Chemist: 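Mind looking over this structure? Questions follow.
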Amino acid sequence: MANQYRGYQWFIIFVGLFFQYGWSLIAQFTGFNERATGILCIFLGTLLLFFFIDLMWPAVSCILSFAITDIYSFTDTLTYSFGHNIFWFVILSGIVIGAIDKTGILRRIAIWMISRRFTRRSPWLFIGTLLFTVFVVGFFLDCTAATILFTAIMANILKEVDVQKGDQFGAIMMFSIMVIIGISFGGSAIGHSVAIATIGMFGHFGLNMGNFCLVGGLIGIICYIVYMIALRFIFKLAVSKIKNYDPTMLNVHKTPISKREICAVSIYGIVILLWLSPAFTQSIWPAFYDFYNGLGQTVPLLLATVVMSLIRIDHEPLINLDTDIRKNVPWSAGFLVAAAMILSTAMGDTEAGIPETIGSMLGPIFADVPILLFVLGACFISTTMTNYAGGMICMVTANSIVLTLMESGVITNVSPGLAMLVSMCSAFAYATPAAGTYSAIVAGQGWVSRKQLFLWGNGTAYLLMIILCTIGYQIANAVI
């Protein structure tokens with residue numbers, strides 16, 4: 001059967017599972033204490049299985065191995081993984097955002113932004129508005145839904161101007177939508193699992209949703225501008241293809257906005273304000289800041305889920321948990337986040353002492369390394385890995401190294417904003433279909449060839465990485 005594992009894969013599975021469950025046999029030879037050896041072996045075994053075998057079952061096996069090998073009790077294992085507030089943030093985000101997307105309000109907003117009359121003044125103004133709309137909507141929407149939404153809109157536009165698959169203009173425009181979605185996905189923690197997992201790992205260093213979105217938004221706008229310049233002077237996009245296109249035609253079949261759309265987007269707007277409130281209430285309303293921080297970022301989603309389940313319009317609730325929990329919950333992302341959370345918790349375990357041990361080993365090596373070189377190295381690892389293996393595991397790998405070195409004191413003058421930059425780089429997943437959902441969707445639609453995806457994807461990813469490591473790091477260092 002085609003879906004059976006091959007011989008070398010069975011060998012990798014054996015090695016990965018040995019690291020997860022049989023590490024006690026090699027504990028005395030590692031130079032770490034037994035607990036630290038177990039944690040590091042589970043980490044390495046899980047990454048091995050992630051990169052070469054699968055994502056879902058290795059994530060479950062990773063979580064189970066902590067309990068089976070007695071590093072944590074079964075109760076603690078569940079608490080640090082499926083009981084973690086970040087796991088439930090991802091699950092509830094899927095329910096709430098899925099319900100909002102179902103109303104059609106997000107498509108309405110996108111079409112409204114793209115079809116403004118001023119966009120008829122020049123093709124470049126239209127393209128710039130279109131891609132900025134992708135950035136804005138993608139900042140608040142799941143990347144898969146955003147990709148499906150905007151590639152469908154783009155396909156209709158290309159059909160209107162008689163551009164066929166195989167045409168360079170169509171390929172560049174579809175590729176551009178993917179690039180901008182990656183930028184907005186990386187720069188926002190609003191319903192985006194990789195960013196939320198990063199905050200979960202580095203929250204004790206001062207990283208939160210407010211400063212993540214603030215810095216991510218600023219860096220994202222800079223990356224958008226740089227990419228627009230690249231479209232003009234590197235890609236040399238032939239905009240004459242849409243010279244006579246009228247964007248206002250997108251509004252031809254517009255229907256009146258419904259009560260469901262108004263209610264859904266209003267509730268989600270309140271949730272977003274609550275998420276971002278710590279960024280501006282700490283100094284002006286300390287009592288609320290302390291109260292909200294005690295609740296955590298998941299509570300607004302719980303409240304939204306309850307309220308949207310109670311509100312009925314035309315005899316139907318905004319959220320029907322019986323069906324939405326099956327259709328809208330991103331279980332695959334949730335399981336990866338659960339594994340990432342228990343791994344990051346374990347890596348900082350005080351009894352294991354991993355940061356201290358690694359700090360004593362690597363301290364002399366990194367003592368004289370310039371900060372810019374360290375930032376470039378961490379972001380390069382994340383960018384390179386993500387284009388072949390997917391964002392979450394690459395972020396976990398790169399940021400686990402960063403976290404360990406920061407907690408060990410090996411690097412003391414690096415901003416925790418570096419973790420955010422590593423997370424953003426893991427969203428620059430453009431070079432292969434395996435890199436991320438948006439690259440897989442765009443590659444599968446036939447507009448962009450595999451060769452174009454590889455060449456343009458790698459070039460764009462590293463260009464944006466350089467922007468992050470230079471301008472982006474200075475912004476992150478000033479804010480976080």
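The structure presented is a predicted model; accordingly, all values stated were derived computationally and were not measured.
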Chemist: Kindly determine whether L40 and W23 satisfy side-chain contact (heavy atoms from CB on, under 4.5 Å), including the steps that lead there.
Modeler: CA-CA 9 Å; L40 289 172; W23 54 263; over 6 Å; no

Chemist: Would you confirm whether R35, through its side chain, and I71, through its main-chain N or O, come within 3.5 Å as a donor-acceptor pair?
Modeler: yes

Chemist: Mark yes or no for whether T386, through its side chain, and S426, through its backbone, hold a donor-acceptor pair below 3.5 Å.
Modeler: yes

Chemist: Is a side-chain N or O of H192 found less than 3.5 angstrom from the main chain of V194, in a donor-acceptor match?
Modeler: no

Chemist: What is the minimum heavy-atom distance between I381 and A398, and which atoms define it?
Modeler: CG2-CB, 4.3 Å

Chemist: For V442, does its backbone N or O pair with a side-chain atom of Q445 as donor and acceptor, under 3.5 Å?
Modeler: no

Chemist: Listing request: all side-chain hydrogen bond (donor to acceptor under 3.5 Å, both in side chains) pairs with a residue in residues 217-231, at least two apart in sequence or in separate chains.
Modeler: S176-Y227

Chemist: Just by modelled atom types, is the A338 backbone N or O under 3.5 Å from a matching donor or acceptor in the S81 side chain?
Modeler: no

Chemist: Using modelled atom types and a 3.5 Å cut-off, is there a donor and acceptor pairing between side-chain atoms of T323 and backbone atoms of N320?
Modeler: yes

Chemist: Can you tell if the side chain of F202 reaches within under 4.5 Å of the side chain of V402, non-hydrogen atoms only?
Modeler: yes

Chemist: Would you check if N387 and Y430 make a side-chain contact, meaning some heavy-atom pair closer than 4.5 Å?
Modeler: yes

Chemist: Looking at every non-hydrogen atom in both residues, tell me the closest pair between F74 and A67 and how far apart they are.
Modeler: CD1-CB, 3.9 Å

Chemist: Can you see whether E34 engages S24 through a side-chain donor-acceptor pair at a distance of less than 3.5 angstrom?
Modeler: no

Chemist: Step by step, work out the ring pair (Phe, Tyr, Trp, His ring centres under 6.0 Å) result for F235 and W456.
Modeler: CA-CA 9 Å; F235 287 92; W456 297 347; 5.6 Å; yes

Chemist: Are any side-chain N or O atoms of N211 and backbone N or O atoms of G206, one a donor and one an acceptor, separated by less than 3.5 Å?
Modeler: yes

Chemist: Which value, rounded to the nearest 0.5 Å, describes the distance between I183 atom CD1 and F139 atom CZ?
Modeler: 12.0 Å

Chemist: Output, in order, the C-alpha distance, side-chain angles, deciding distance and verdict of side-chain contact (heavy atoms from CB on, under 4.5 Å) for L218 and I222.
Modeler: CA-CA 7 Å; L218 292 173; I222 294 171; 5.5 Å; no

Chemist: Roughly how far, to the nearest 0.5 Å, is the CE atom of M420 from the CD1 atom of I475?
Modeler: 9.0 Å

Chemist: Mark yes or no for whether S382, through its side chain, and A378, through its backbone, hold a donor-acceptor pair below 3.5 Å.
Modeler: no

Chemist: Let's go through N33 and T37 carefully: what are the C-alpha distance in whole Å and the side-chain angles of both, what is the deciding distance for side-chain contact (heavy atoms from CB on, under 4.5 Å) to 0.1 Å, and is it a yes or a no?
Modeler: CA-CA 6 Å; N33 62 48; T37 298; 5.9 Å; no

Chemist: From L149 CG over to T144 OG1, what is the distance, rounded to the nearest 0.5 angstrom?
Modeler: 12.5 Å

Chemist: Which heavy atom in M424 sits nearest to a heavy atom in G186, and how many Å separate them?
Modeler: CG-O, 3.2 Å

Chemist: Set out, in order, the CA-CA distance, both residues' side-chain angles and the distance that settles side-chain contact (heavy atoms from CB on, under 4.5 Å) for M178 and L453, then state yes or no.
Modeler: CA-CA 10 Å; M178 178 187 70; L453 195 69; 3.8 Å; yes

Chemist: Indicate yes or no: at least one non-hydrogen side-chain atom of L418 is less than 4.5 angstrom from one of M406.
Modeler: no

Chemist: Hey, what do you get for CD1 (I177) to OG1 (T147), rounding to the nearest 0.5 Å?
Modeler: 9.0 Å

Chemist: Is the backbone of M341 close enough, under 3.5 Å, to the side chain of S344 for a donor and an acceptor to pair up by distance?
Modeler: yes

Chemist: Is there side-chain contact between I181 and F135, with at least one heavy-atom pair below 4.5 Å?
Modeler: no

Chemist: Should K102 and D324 count as an ion pair when the cut-off is N to O under 4.0 Å?
Modeler: yes

Chemist: For residues L318 and A264, report the shortest heavy-atom separation together with the two atoms involved.
Modeler: CD1-N, 4.4 Å

Chemist: Might you point out which heavy atoms bring C379 and L421 nearest each other, and give the distance in Å?
Modeler: SG-CB, 4.0 Å

Chemist: Taking the six-membered ring for Trp, is the centroid-to-centroid distance between F82 and F335 below 6.0 Å?
Modeler: yes

Chemist: As an exercise, state the distance from CD1 of I325 to CG of N328, rounded to the nearest 0.5 Å.
Modeler: 10.0 Å

Chemist: Counting C-beta onward and ignoring hydrogens, is there a side-chain heavy-atom pair between V96 and V271 closer than 4.5 Å?
Modeler: no

Chemist: Okay, side chain of Y438, backbone of A427: is any donor-acceptor separation there less than 3.5 Å?
Modeler: yes

Chemist: Can you give each donor-acceptor pair under 3.5 Å made by side-chain atoms of residues 45-62, sequence neighbours left out, with the distance rounded to 0.1 Å?
Modeler:
unit_1, atom_1, unit_2, atom_2, d
T46, OG1, Q20, NE2, 3.0
T46, OG1, I42, O, 2.7
W57, NE1, Y5, OH, 3.1
S61, OG, Q20, OE1, 2.6
S61, OG, Y21, OH, 2.9

Chemist: Would you call Y80 and I63 a side-chain contact if the rule is heavy atoms closer than 4.5 Å?
Modeler: no

Chemist: Quick one: does T432's side chain get under 4.5 Å of S439's, heavy atoms only?
Modeler: no

Chemist: Which pair of heavy atoms, one from M174 and one from A155, lies closest together, and at what distance?
Modeler: CE-N, 3.7 Å

Chemist: Run the numbers on T384 and Y462 for side-chain hydrogen bond (donor to acceptor under 3.5 Å, both in side chains), then give the verdict.
Modeler: CA-CA 8 Å; T384 303; Y462 289 116; 2.8 Å; yes

Chemist: Could you tell me the separation between the CG atom of L64 and the OG1 atom of T77, rounded to the nearest 0.5 Å?
Modeler: 8.5 Å

Chemist: Heavy atoms, side chains only, cut-off 4.5 Å: are L321 and S309 in contact?
Modeler: yes

Chemist: Look at the aromatic rings of Y268 and W275 and report parallel, tilted or perpendicular, splitting at 30° and 60°.
Modeler: perpendicular

